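For this chain, numbers begin at 1 and follow the sequence in order. Worth saying up front: this structure is predicted, and the values here are computed from it rather than measured.
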Amino acid sequence: AALLSNEAYSLAKDNNGNLQDPQIYNALYQSLKNFSPVSYPPVIRLSSEVASMNVNADDKLFVLSANGALSIYNPGDNKLASSIALGGVSINTGYLSDDCKYAVTSYDDNSIRIWNTATGAGSPALQGHIGLVRAVAFSADGSKVLTGGRDSCVIVWNREKLQQQVKFPSRIR
């Protein structure tokens, strides 16, 4: 079946046929399924939309959902390794640090929380923005977090305390 569907595609290509023919593509796809089930991408089902995702140095996939759930998947088989509820409240936006050690979640009341992804420990709600938080950056050691919002303001948080606030002439995206 695989050889026959490949031959049908080759004939269409060589004779100016319809290369977008759904029958040819369906035959190729079905043959691939039967020939190599390894070719299927794994499907991860979540109960809420994805707010942020990243991969750490161990190739573990970190997925932060809009419902505040942080799911960590093993490399290779994409099986769920662990799951942590970050506050259990619906988040507006979420961000993961490059090393996946920290997460920042923002909420409709313009507050943020900073989370340790290993323990699930989070800061209290941090206030400072008067608009939605739209960007986050992390220092290399995780001690500082910068948040930028639609209020045209960037805030530097040092160990969960507002250290500096800078106003810009336009919104932060």
Evaluate the side-chain proximity of Leu70 to Phe62: yes if any heavy-atom separation is below 4.5 Å, no if none is.
yes

Determine, stepwise, if the pair Val55 / Lys60 fulfils side chain to side chain contact (heavy atoms under 4.5 Å, CB included).
CA-CA 5 Å; Val55 177; Lys60 287 191 175 185; over 6 Å; no

Residues Ala66 and Ser48: closest non-hydrogen pair is CB-OG, 3.4 Å

Do Asn110 and Leu132 make a side-chain contact, defined as non-hydrogen atoms from C-beta onward lying under 4.5 Å apart?
yes

Is it true that, when you exclude Asp14 itself, more than 12 heavy atoms of the residues, nucleotides or ligands shown sit nearer than 6.0 Å to its CG?
yes

Is Tyr102 reaching over with its side chain to a backbone N or O of Tyr95, donor-acceptor style, under 3.5 angstrom?
no

Side chain of Thr93, backbone of Arg134: donor and acceptor closer than 3.5 Å?
no

Measure from the side-chain N and O atoms of Asn74 to the backbone N and O of Asn78, and report whether any donor-acceptor pair falls under 3.5 Å.
no

Determine yes or no for a side-chain-to-main-chain donor-acceptor pair under 3.5 angstrom, with Ser10 supplying the side chain and Asn6 the backbone.
yes

CG (Asp59) and CG (Leu61) are apart, to the nearest 0.5 Å, by 10.0 Å

Check: Asp151 side chain, Ile130 main-chain N or O, donor-acceptor pair, under 3.5 Å
yes

Please check: side-chain N/O of Ser123 versus main-chain N/O of Ile114, any donor-acceptor pairing under 3.5 Å?
yes

Could you check if a side-chain atom of Pro124 sits within less than 4.5 angstrom of a side-chain atom of Glu160, using non-hydrogen atoms only?
yes

State whether the side chain of Asp141 and the backbone N or O of Ser143 hold a donor-acceptor pair below 3.5 Å, judged by distance alone.
yes

Can you check whether Leu11's main-chain N or O pairs, donor with acceptor, with Asn15's side chain at less than 3.5 Å?
yes

With the 4.5 Å side-chain cut-off for hydrophobic clustering, are Val166 and Val136 part of the same group?
no

Minimum heavy-atom separation for Ser5 to Ile24, with atom names?
O-CG2, 4.4 Å

So do the side chains of Leu64 and Thr105 get within less than 4.5 Å of each other, counting heavy atoms only?
yes

Which value, rounded to the nearest 0.5 Å, describes the distance between Ile112 atom CD1 and Ser106 atom OG?
8.0 Å

Of all residues at least two apart in sequence or in a different chain, which pass the side-chain contact (heavy atoms from CB on, under 4.5 Å) check with Ala135?
Ile172

Spatial distance of atom CG (Leu80) from atom CG (Asp77) [nearest 0.5 Å]:
10.5 Å

Does some side-chain heavy atom of Val104 sit less than 4.5 Å from a side-chain heavy atom of Phe138?
yes

Is Ser65 reaching over with its side chain to a backbone N or O of Asn67, donor-acceptor style, under 3.5 angstrom?
no

In terms of heavy-atom contacts, does NZ of Lys161 have more than 12 from other residues, nucleotides or ligands at under 6.0 Å?
no

Distance in Å, Trp115 CH2 paired with Ile84 CD1, rounded so as to fall on 0.5 Å steps
10.0 Å

Does any part of the side chain of Val63, heavy atoms only, come nearer than 4.5 Å to the side chain of Leu46, both counted from C-beta?
yes

Distance in Å, His129 NE2 paired with Leu162 CG, rounded so as to fall on 0.5 Å steps:
8.5 Å

For Asp98, the side-chain contact (heavy atoms from CB on, under 4.5 Å) test, sequence neighbours excluded, returns Asn54

For a side chain to side chain contact (heavy atoms under 4.5 Å, CB included) check, start with the C-alpha distance between Ile155 and Leu146, then their side-chain angles and the critical distance, and finish with the verdict.
CA-CA 6 Å; Ile155 297 176; Leu146 282 75; over 6 Å; no

Determine whether Tyr107 and Arg113 make a side-chain contact, defined as any pair of heavy atoms from C-beta on separated by less than 4.5 Å.
yes

Can you confirm whether Asn56 sits close enough to Asp99 that some side-chain heavy atom of one is under 4.5 Å from a side-chain heavy atom of the other?
no

Atom OG in Ser152, atom NZ in Lys167: separation rounded to 0.5 Å?
4.5 Å

